[in-house]
Amino acid sequence: MKNQVFRISLTAALAGFLFGFDTVVISGANQPIKEIWDTNWFLGDSIFTFHGIFIMSMALWGTVLGSLFGGIPCDRLGRKKTLLWIGILYFISAMGSALAAEPYSFSFFRFIGGIGVGASSVAAPVYISEISSANNRGRLTAMYQFNIVFGILVAFISNYLIGVLFEENIAWRWMLGIEGLPALIYTLMVFRIPNSPRWLLMKNREEFIIHKSLMLLGIKSEEASARLSKIKASLQETTKEKKEKLFSGKYRKVLLLAFFIAFFNQLSGINFVLYYAPEILERAGLASGESLFSSISIGIVNLLFTFTGIALIDKLGRKQLMYIGSIGYIISLAMVGWCFYSGASSILLLIFILVFIASHAVGQGAVIWVFISEIFPNKIRSYGQSWGTGTHWVFAALITLITPTFLDAEIGIFKENPWPIFLFFAFMMVLQLLWVLFMMPETKGVSLEELAKRLIKKDSASD
């Protein structure tokens, strides 16, 4: 059973690999596109640049759309079919972006890829959490985050190697287009995974179909029947209650929990660092080639500490990892700000950036997708996941959109020295630490049905 569920979970989690690759691959194309298409100009009298909106953040606005509305196909078509379409969207985006003749079509295809990223952050964690047990749910769902990190590392390595092999004016096209290969492989692999038994039961499918789906997960016939009865009892209990919308007062607590973990995830500055890693390192004194190579070290540290987070999430629990990550965030971000302010060596700054990445990987990185996917009841899980991931991506898009206004060497408000940006992120992580201390519940080792009862019951009692 463990091997079967692991294999199926890993297949679904590969959507995270494409997520990570697609999100970071633009960092290698950032500077060449700016020069080739001359995109670094302000839009009218606004503070926003064309480059910030149409080149760097367009995929993220697609991600916002995909995450906010990803719950709809996830609920109506099913988790499996949604994952299948996500693979197709990634493939179209990779090919279209690589072949784009001008910035507008480029932005359109990046937007398509963003929809795939957003929808995958809904469908994959929900699917994995629904096919796993209370004892291994954290580790299996966290494989989605591991694959995000692995995709990020591969994107950094791919960008570096392609940058060495090709001229700059053509290299960025290969950087973006190479994603089409893993997207195609992933799409074919999804055909072989079963539908989520919980989703089949919610859609009133015949019991023998649901039973077969449980058997395909490697569960023995007797245990499959027992698990089916338990899930059915939970759904029947929910159905008896008055039908309420996601944003009713009943679900206020879980909505706030999903909002804040997503909000603080982005206000740590993680996407700011990942998207603009080469540029940040260049500002610290590294040459262009060195900054691209140093970006690989970010990917390696991210991967290693994600392993650590996955190993510990079902042992220490979600809350303990968030404590560790928050303290690491505060120290590393404050020191990065100090390095920029004092003009410390680029090597020292890189070390503290790596500490920041490690803190993210073992804390927020390992926890966020697991936590959001497990706190909502069965009936609204896909829509609740959309709410949490939508919040995450709205703030990711906003931060990426306005970054050129602050960071750009020619037009940025902090073009001389970006140290205030890092101190702002450090302050936000102090607030995250307080949120974890006073508001975040521990969810390890509790079944989805029991966990929902606890959170919803507490919320109802407070009304």
Side-chain angles (χ1 to χ4, degrees), residues 12-26 53-54 56-94 96-97 107-129 141 144-145 147-149 151-152 155 176 179 182-183 186-187 190 246 258-259 261-263 265-266 270-271 274-275 364-365 368-373 376 380-401:
L14 287 174
F17 174 86
L18 296 168
F19 168 162
F21 194 101
D22 189 87
T23 300
V24 168
V25 72
I26 189 66
I53 292 180
F54 286 92
M56 294 304 290
S57 68
M58 187 55 72
L60 281 170
W61 290 114
T63 304
V64 170
L65 182 68
S67 59
L68 288 175
F69 295 99
I72 296 175
C74 201
D75 181 61
R76 296 182 183 178
L77 298 178
R79 288 54 161 144
K80 176 181 175 177
K81 283 186 180 178
T82 303
L83 290 171
L84 186 64
W85 278 104
I86 285 166
I88 295 170
L89 288 175
Y90 278 127
F91 180 80
I92 293 171
S93 173
S97 300
S107 299
F108 171 76
F109 285 110
R110 287 291 294 163
F111 184 81
I112 294 294
I115 293 175
V117 169
S120 79
S121 63
V122 176
V126 165
Y127 177 83
I128 298 169
S129 71
T141 309
Y144 179 69
Q145 174 64 19
N147 275 281
I148 293 173
V149 171
I152 288 171
L176 295 161
E179 185 186 352
Y186 166 76
T187 304
V190 171
L246 175 65
F259 174 86
I261 195 168
F263 170 80
N265 183 283
Q266 284 306 299
I270 185 62
N271 269 25
L274 291 178
Y275 269 56
Q364 269 274 11
I368 180 172
W369 307 115
V370 176
F371 187 74
I372 295 175
S373 70
F376 290 96
I380 61 164
R381 181 167 298 114
S382 59
Y383 295 108
Q385 185 80 9
S386 285
W387 162 253
T389 57
T391 301
H392 172 277
W393 289 115
V394 165
F395 284 101
L398 288 173
I399 289 171
T400 307
L401 173 65

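The figures here come from the full heavy-atom set of this structure, side chains too, leaving out hydrogens, waters and symmetry mates. Note that the coordinates shown come from a computational prediction; the quantities given were computed from them, not determined experimentally.
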The criterion is side chain to side chain donor-acceptor pair (under 3.5 Å); which residues satisfy it with [X], sequence neighbours excluded?
X    : answer
N265 : Q364, H392
S386 : none
Y144 : S120
E179 : none

Could you check if a side-chain atom of W393 sits within less than 4.5 angstrom of a side-chain atom of V117, using non-hydrogen atoms only?
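Yes; the side chains approach each other to less than 4.5 Å.
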Can you tell if the side chain of R110 reaches within under 4.5 Å of the side chain of L176, non-hydrogen atoms only?
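Sidechains of L176 and R110: in contact.
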May I ask you to decide if [Y]'s main-chain N or O and [X]'s side chain share a donor-acceptor pair within less than 3.5 Å?
X    : Y    : result
Q385 : A123 : no
T82  : P73  : yes
S67  : G118 : no

Please lay out, stage by stage, how Q266 and L398 fare under the test side-chain contact (heavy atoms from CB on, under 4.5 Å).
CA-CA 10 Å; Q266 284 306 299; L398 288 173; over 6 Å; no
Which heavy-atom pair separates [X] from [Y] by the least distance, and what is that distance?
X    : Y    : answer
V25  : A155 : N-CB, 4.2 Å
D75  : S382 : CB-OG, 3.6 Å
S121 : F19  : CB-CE1, 4.2 Å
C74  : R79  : O-NH1, 3.0 Å
A183 : L18  : N-CD2, 3.6 Å
A396 : N271 : CB-ND2, 3.7 Å

Do you see a donor-acceptor pair shorter than 3.5 Å between the side chains of D22 and Y90?
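Looking only at side-chain atoms, Y90 and D22 do not form any donor-acceptor pair under 3.5 Å.
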Please round to the nearest 0.5 Å and tell me the distance separating atom CD1 of I86 and atom CG of L14.
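Going from the CD1 atom of I86 to the CG atom of L14 covers 12.5 Å.
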Straight-line distance of T141 OG1 to I372 CD1, nearest 0.5 Å:
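One finds 12.0 Å between OG1 of T141 and CD1 of I372.
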Ring pair (Phe, Tyr, Trp, His ring centres under 6.0 Å) against [X], all qualifying residues, sequence neighbours excluded:
X    : value
F21  : none
W61  : none
F263 : F259, F395

For [X], what residues pass the side-chain contact (heavy atoms from CB on, under 4.5 Å) criterion, not counting sequence neighbours?
X    : answer
V190 : K80, L83, L84, Y186, I193
S107 : F54, I55, M58
L65  : F69, F111, I115

Go through it in stages, so that I can follow the logic: the residues are F91 and T187, the test is side-chain contact (heavy atoms from CB on, under 4.5 Å), and I'd like the CA-CA distance, side-chain angles, deciding distance and then a yes or no.
CA-CA 9 Å; F91 180 80; T187 304; 5.7 Å; no
Does any pair with a residue in residues 114-126 pass salt bridge (charged side-chain N to carboxylate O under 4.0 Å, His left out), and if so which ones, sequence neighbours excluded?
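Found none.
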Does anything in residues 381-394 pair up under salt bridge (charged side-chain N to carboxylate O under 4.0 Å, His left out), and if so which pairs, sequence neighbours excluded?
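Output for this query lists E130-R381.
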Going through the distances and angles, do T389 and W369 end up as a side-chain contact (heavy atoms from CB on, under 4.5 Å)?
CA-CA 8 Å; T389 57; W369 307 115; 3.2 Å; yes
